[in-house]
Undergrad: 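Sending over a structure as structure tokens; questions will come in a sec.
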Amino acid sequence: MPTREPGRPQGRHTSARMPARRSAGDVLAGLAALVVLVALVGGVPYALLTFVGPPLRPELLDLETLTSRVGPSTIVAVLVLLVWLAWFQLFACVLVEVYAGVRRVGMPARVPFSGGTQALANKLVGAVLLLFTTGAMLAPIAKLTPTPAAPPVTAVAYSAPIVEKTLETNKTKKVYVVQPPHGRHHESLWEIAEKCLGDGRRYPEIYRLNQAKVQPDGTRLKMADLIRPGWVLDMPDDARNVHIVPTDQPRDQTLREHPGRAQVPDDGRAHAEVKKEKRGEAKHRLPEQQDQRRQEPEQQPIVGESQGNELVEYLAGASLAAAGLLLVLARRRREQLWGRMFGRRIARPRGDAADAEVALRLGGDAPGARILDVGLRVLGAELARQNRTPPIVYAAHLSPRTLDLWVHPPDSDPPAPWTAEDGGQVWRLPAHEGRLLPDRTSSWGPRANEPRSGRGHEPVQPGGAPYPGLVSIGTNVHGRVLIDLEAAQGLINVRGTQTTAALAALAVELATNRWSDGMRVTLVGFGEELTAIAPDRIKAVGGLAEVLPELEAAAAPRREVLTGRISGSPRDAHYLLSAVAPTHEEARRLALLARRDTAGYVVAGDVPHATWTLEITDDGKAKIAELGFEVDAQLLPRRHYRALVELFRTAGRLDGESIPEAEPLPGLHPPAVEIRMLGPIEVLGLGPLEEGRLALATELLIYLATHPGGVHPVVLGGVLWPRGVQDMVRDATIARVAEWLGPRHLLTDEVGRLRLGPEVRTDWALFRELLRRSHGDPSARAVLLEKALGLVRGPLLTSRPPGRYAWLAAEDLEYDVAAEVADAAHQLCEIRLAQDQPDAAVAAVRAALLLAADDEGLWRDLLRATHATEDVVRLRAVVEGLTRRAASHPYGGGMAPETEALIEELLPTWRIHVVKESSA
């Protein structure tokens with residue numbers, strides 16, 4: 001069972017290490033606890049036997065005395081018996097806690113009617129075990145993390161406080177040598193993180209790795225914004241463009257051996273970078289900023305990362321919930337496209353709703369959600385194949401490197417590719433193993449020449465969702481912490497000033513997660529608007545009295561439900577989240593229900609029968625004392641809650657919006673610089689740029705290209721770095737792009753707005769111009785539409801890096817592109833069919849489907865055009881392809897009723913062929 005979170009390391013890639021000796025406080029606490037335990041366990045019975053006698057005095061053994069008038073001696077005898085019983089209860093609690101702590105069996109057994117007494121015994125035994133058994137606990141924990149990366153929270157016996165140690169197994173490390181200035185340009189931690197880690201926002205990791213370490217010049221890194229040339233910085237394990245040196249090599253020796261920049265692949269980018277730096281980068285930092293830096297280096301504040309959109313703070317941080325919300329939102333958008341009318345785009349969010357989607361795109365952890373989903377299903381399927389009952393999972397920890405489950409009872413034989421850690425209390429799935437698991441929509445089972453796992457197991461088809469009640473409570477420095485609402489086997493009490501925000505966050509993730517099948521979430525006293533997000537999963541009621549009878553009638557034992565989930569006969573998971581404090585009678589009924597039912601019950605207020613208590617502190621922490629957790633709480637405050645609700649309400653609108661007219665282009669001559677967006681991102685007409693900087697520079701260009709009126713640098717910084725950025729980094733990036741483009745292609749107006757010059761053009765602007773001209777020239781319409789569709793090479797901005805271009809959620813671009821490309825293909829299809837050219841009509845539609853594949857109006861055009869070819873085999877192939885696509889679509893939902901009706905009309909026997917294909 002999980003217990004208290006280990007000491008937090010200073011950075012993502014540092015390791016938490018236990019001191020060589022216990023602290024004086026630990027020793028004193030252990031000794032004091034030992035004295036108290038000896039006094040309670042041995043001293044109390046000695047004193048009782050010496051001064052008052054055995055538990056049963058003669059007065060209590062004489063039945064005649066008990067039936068006659070009670071005298072003082074009888075009362076004293078009863079009191080003595082009660083004291084002995086209290087001591088026996090304490091002694092039983094101590095035995096249970098010692099057994100759990102020494103044998104490390106997970107959660108200690110509960111001694112009946114001993115809540116406070118067992119809690120006291122837990123604390124005393126824990127302190128004593130820390131004094132005597134620390135060395136024994138270190139051995140299994142040390143094996144949890146074979147690399148220098150910080151491990152997740154580690155599970156040991158509930159009775160004992162946790163200690164953590166990480167073995168240093170790597171004999172080399174990665175370092176970066178800070179380069180001398182070029183002109184006015186000095187390197188910053190942000191730029192180094194951007195170049196070596198791919199994201200400038202990761203600069204705090206470098207800062208924490210090097211804070212206070214002695215550099216070759218004898219100084220130390222004290223401020224994240226002040227580094228000096230010649231310093232040798234330790235880098236995270238995933239850094240690129242760095243030097244690899246022995247772990248114990250002194251920094252001055254590293255500097256002597258590697259005085260220059262680390263070598264990068266010679267593909268032209270490195271050479272271009274050297275030439276650029278020789279020319280000098282005077283524009284990378286404004287003169288007044290450099291002067292201020294020279295005058296006040298020791299007083300310059302560290303600029304944090306909280307300058308961005310306020311909604312990002314909560315919604316982007318809820319990475320698993322964000323991934324689930326984006327998936328549900330995509331399904332709604334697909335349904336919107338089913339009914340889109342020609343000449344209109346689907347309704348898009350605005351204001352806080354649009355900002356909420358930006359935050360979701362920034363934070364959504366789709367890979368993590370996938371690993372959690374597929375990993376748990378494969379685990380359940382393999383357990384079912386071995387006729388094993390799934391263990392209780394109290395909690396989970398998801399980090400970029402591993403998925404850990406804390407199981408009870410401990411089991412050292414988990415199914416592959418899971419491995420056992422900490423004596424079988426932790427089951428671990430490495431992230432690289434999880435990424436190799438096929439999606440549930442893929443063809444499962446062993447394939448020819450497919451490698452087997454290390455244990456010789458064949459690939460296992462995933463079954464049902466064994467642990468749908470896993471839900472995030474927050475994050476720590478290592479990753480995301482989840483608890484299983486069902487594992488409490490009792491009430492979970494939530495307390496604090498932000499109770500409703502915590503309950504709303506739980507509700508949203510439960511209702512949208514990937515790792516559940518049938519799911520019902522009942523909200524009591526709040527959340528009626530959340531039905532807009534998941535109406536098939538969320539039900540809101542006013543009070544507990546409305547749902548208690550239903551819950552009591554549907555209760556089912558845990559073992560039966562768990563076995564059914566992995567064996568193919570699952571029941572819907574059901575979770576109750578109540579913002580209304582129960583009455584005494586309601587709390588009693590809920591407590592009895594929770595002990596015999598598999599469902600999870602989370603109730604606000606002061607609930608005396610609770611098994612776990614989730615406390616939300618005023619500073620945004622989530623604590624569960626029974627599990628030893630303290631994390632940054634996952635919350636959904638009122639403004640963010642309303643923004644999400646409005647986002648999904650907008651996704652439910654079917655009226656659509658008109659498409660703004662495009663500004664005419666002065667001509668169709670080839671531009672000096674062309675930015676291609678209608679497919680893979682390409683920038684033609686410019687020289688090479690270092691790969692680590694190319695993605696950001698290209699995004700900056702695309703944003704400016706889609707905002708021809710100009711963009712102020714401050715606005716541009718907020719768009720490209722929504723979590724905040726230092727002014728000097730923003731200005732250096734803009735200066736670098738200006739040098740890349742050349743002075744005539746990046747212009748500044750009188751108020752400081754940036755815009756691209758007239759010789760820079762996007763393929764989207766050319767598409768709209770061709771479309772505009774086709775409306776005014778009927779004789780050339782078909783030719784112009786064909787030229788426009790010929791510009792489409794794939795989905796909009798294909799291959800854009802993960803985590804970037806989140807600003808698209810608040811722009812018209814995605815909506816306009818999809819609608820206008822589909823409309824252009826529809827027009828051309830109609831023209832070619834009228835000209836009795838069905839093959840040309842098919843080609844037009846297929847060109848648009850490269851970009852707007854979810855627009856079912858295009859699929860209906862393709863069906864009609866293919867039918868016009870009078871080739872039944874070809875038509876059947878289109879129908880079968882469309883059917884397979886609808887069945888395996890990542891957003892689900894099948895196909896539109898209008899599409900099915902058209903297939904029935906054009907190919908009445910299609911269902912028979914679909915059944916045959918499925919059987920085959």
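Everything numeric here is computed off the predicted structure, so don't read it as measured data. The chain is numbered in sequence order, starting from 1. All values below come from the heavy atoms of this structure, side chains included, with hydrogens, waters and symmetry mates left out.
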Undergrad: Which atom names give the shortest non-hydrogen contact between A396 and L470, and what distance separates them?
TA: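 Closest heavy-atom pair between A396 and L470: CB-CD2, 4.1 Å.
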Undergrad: Evaluate the side-chain proximity of V602 to L614: yes if any heavy-atom separation is below 4.5 Å, no if none is.
TA: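 No, side chains not in contact.
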Undergrad: List in chain and number order the residues that pass side-chain hydrogen bond (donor to acceptor under 3.5 Å, both in side chains) with T617, two or more places apart in sequence or in another chain; answer none if no residue qualifies.
TA: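 T617 satisfies side-chain hydrogen bond (donor to acceptor under 3.5 Å, both in side chains) with D619 once adjacent residues are dropped.
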Undergrad: In the structure I gave you, are the side-chain heavy atoms of L325 and F648 within less than 4.5 Å of one another anywhere?
TA: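 SC-SC contact between L325 and F648 confirmed.
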Undergrad: Donor-acceptor pair, distance only, cut-off 3.5 Å: does the side chain of D373 make one with the backbone of L376?
TA: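 Pair absent, no side-chain N/O of D373 close to backbone of L376.
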Undergrad: Which value, rounded to the nearest 0.5 Å, describes the distance between L577 atom CG and T499 atom OG1?
TA: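 These two atoms lie 12.0 Å from each other.
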Undergrad: Using modelled atom types and a 3.5 Å cut-off, is there a donor and acceptor pairing between side-chain atoms of W427 and backbone atoms of D411?
TA: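 Checking the backbone N and O of D411 against the side chain of W427, a donor-acceptor pair under 3.5 Å is found.
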Undergrad: Check the pair E421, D404 against side-chain contact (heavy atoms from CB on, under 4.5 Å), reporting the backbone distance first and the verdict last.
TA: CA-CA 9 Å; E421 305 290 343; D404 285 355; 6.0 Å; no
Undergrad: Can you confirm whether E529 sits close enough to R642 that some side-chain heavy atom of one is under 4.5 Å from a side-chain heavy atom of the other?
TA: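 No, side chains not in contact.
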Undergrad: With side chains defined as the heavy atoms from C-beta onward, is the minimum distance between L403 and L372 less than 4.5 Å?
TA: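 The answer is yes, as the side chains (C-beta and beyond) meet within the 4.5 Å cut-off.
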Undergrad: Quick one: does any side-chain atom of Y575 pair with a main-chain N or O of G469 as donor and acceptor, under 3.5 Å?
TA: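 Pair found, side chain donor or acceptor close to backbone of G469.
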Undergrad: What's the separation between atom CG in L551 and atom CG in L576, rounded to the nearest 0.5 Å?
TA: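 Between atom CG of L551 and atom CG of L576 there are 6.0 Å.
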Undergrad: My understanding is that only residues two or more places apart in sequence, or in another chain, count here; which of them pass salt bridge (charged side-chain N to carboxylate O under 4.0 Å, His left out) with E528?
TA: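 For E528 there are no salt bridge (charged side-chain N to carboxylate O under 4.0 Å, His left out) partners, ignoring immediate neighbours.
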Undergrad: Any idea how W406 and F629 line up, ring-wise: parallel (<30°), tilted (30 to 60°), or perpendicular (>60°)?
TA: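 W406 and F629: tilted rings.
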Undergrad: Hey, could you give me the CZ/NZ distance between R495 and K623, rounded to the nearest 0.5 Å?
TA: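 Taking CZ in R495 and NZ in K623, the distance rounds to 13.5 Å.
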Undergrad: Could you measure the distance from the CG atom of L592 to the CZ atom of R589? Nearest 0.5 Å is fine.
TA: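 Atom-to-atom, L592:CG and R589:CZ are 10.0 Å apart.
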Undergrad: Identify the residue among R520, E486, K539, E550 that makes a side chain to side chain donor-acceptor pair (under 3.5 Å) with H574.
TA: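 Looking at R520, E486, K539, E550, the match for H574 under the side chain to side chain donor-acceptor pair (under 3.5 Å) is R520.
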Undergrad: Classify the ring geometry of F91 against W87: parallel below 30°, tilted from 30° to 60°, perpendicular beyond 60°.
TA: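 The rings of F91 and W87 lie parallel, inter-plane angle below 30°.
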Undergrad: Can you tell me how far apart CG (L379) and CZ (R377) are? Round to the nearest 0.5 Å.
TA: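 Answer rounded to 0.5 Å: 12.0 Å.
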Undergrad: Looking at A322 and L315, what are the two nearest heavy atoms and their distance?
TA: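 Looking at all heavy atoms of both residues, the shortest contact is CB-O, 3.9 Å.
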Undergrad: Shortest non-hydrogen contact from L429 to G375?
TA: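 The pair with the smallest heavy-atom distance is CD2-CA, 3.9 Å.
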Undergrad: Do V471 and L485 pass the side-chain contact (heavy atoms from CB on, under 4.5 Å) test, and can you show the C-alpha distance, the side-chain angles, and the key distance before you say yes or no?
TA: CA-CA 8 Å; V471 64; L485 301 184; 3.9 Å; yes
Undergrad: My understanding is that only residues two or more places apart in sequence, or in another chain, count here; which of them pass side-chain hydrogen bond (donor to acceptor under 3.5 Å, both in side chains) with R588?
TA: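 side-chain hydrogen bond (donor to acceptor under 3.5 Å, both in side chains) check on R588 returns E585.
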Undergrad: For E509, check salt bridge (charged side-chain N to carboxylate O under 4.0 Å, His left out) against everything at least two apart and list the hits.
TA: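 Scan of E509 (salt bridge (charged side-chain N to carboxylate O under 4.0 Å, His left out), adjacent residues dropped) gives none.
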Undergrad: Is there a side-chain contact between L327 and T512 in this structure, where contact means two heavy atoms from C-beta onward sitting under 4.5 Å apart?
TA: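 Heavy-atom side-chain distance check fails, nothing below 4.5 Å.
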Undergrad: Using side-chain contact (heavy atoms from CB on, under 4.5 Å), reason through R537 and N513 one step at a time and then give a plain yes or no.
TA: CA-CA 11 Å; R537 287 192 167 192; N513 71 41; 4.2 Å; yes
Undergrad: Rounded at 0.5 Å granularity, tell me how far CD in Q634 sits from CD1 in I616.
TA: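 Here the interatomic distance stands at 10.5 Å.
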Undergrad: Taking all non-hydrogen atoms of both residues into account, name the closest pair between I538 and L523 and its distance.
TA: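 Smallest heavy-atom distance, with atoms named: CG2-CD1, 3.6 Å.
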Undergrad: For the pair L647 and L360, evaluate side-chain contact (heavy atoms from CB on, under 4.5 Å) and give the outcome as yes or no after the intermediate values.
TA: CA-CA 11 Å; L647 174 62; L360 294 179; 4.0 Å; yes
Undergrad: Quick one: list whatever passes salt bridge (charged side-chain N to carboxylate O under 4.0 Å, His left out) with R332, sequence neighbours left out.
TA: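 In terms of salt bridge (charged side-chain N to carboxylate O under 4.0 Å, His left out), with neighbours along the sequence ignored, R332 is linked to no residue.
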Undergrad: With side chains defined as the heavy atoms from C-beta onward, is the minimum distance between L124 and L40 less than 4.5 Å?
TA: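 Yes, close enough: below the 4.5 Å cut-off.
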Undergrad: If every non-hydrogen atom of L320 is compared with every non-hydrogen atom of G368, which pair is closest and at what distance?
TA: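 Minimum heavy-atom contact is CD2-C, 4.1 Å.
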Undergrad: Minimum heavy-atom separation for K621 and A633, please, with both atom names.
TA: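 The pair with the smallest heavy-atom distance is C-CB, 3.9 Å.
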Undergrad: Could you tell me which residues satisfy side-chain hydrogen bond (donor to acceptor under 3.5 Å, both in side chains) with S578, sequence neighbours excluded, listed by chain and number?
TA: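 Testing S578 for side-chain hydrogen bond (donor to acceptor under 3.5 Å, both in side chains), a comparison that skips the adjacent residues, returns none.
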Undergrad: Do side-chain atoms of D352 reach the backbone of H640 as a donor and acceptor pair under 3.5 angstrom?
TA: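 It does not hold such a pair.
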Undergrad: State whether the side chain of S399 and the backbone N or O of R401 hold a donor-acceptor pair below 3.5 Å, judged by distance alone.
TA: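 Pair found, side chain donor or acceptor close to backbone of R401.
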Undergrad: Output yes when D355 and R639 qualify as a salt bridge under the 4.0 Å nitrogen-oxygen rule, no when they do not.
TA: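 Result for this pair is no, no salt bridge flagged.
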Undergrad: Is a side-chain N or O of E546 found less than 3.5 angstrom from the main chain of G543, in a donor-acceptor match?
TA: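 Such a contact is found between E546 side chain and G543 backbone.
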Undergrad: Please state whether the rings of W612 and Y394 are parallel, tilted or perpendicular, taking 30° and 60° as the class boundaries.
TA: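 Correct class here is tilted.
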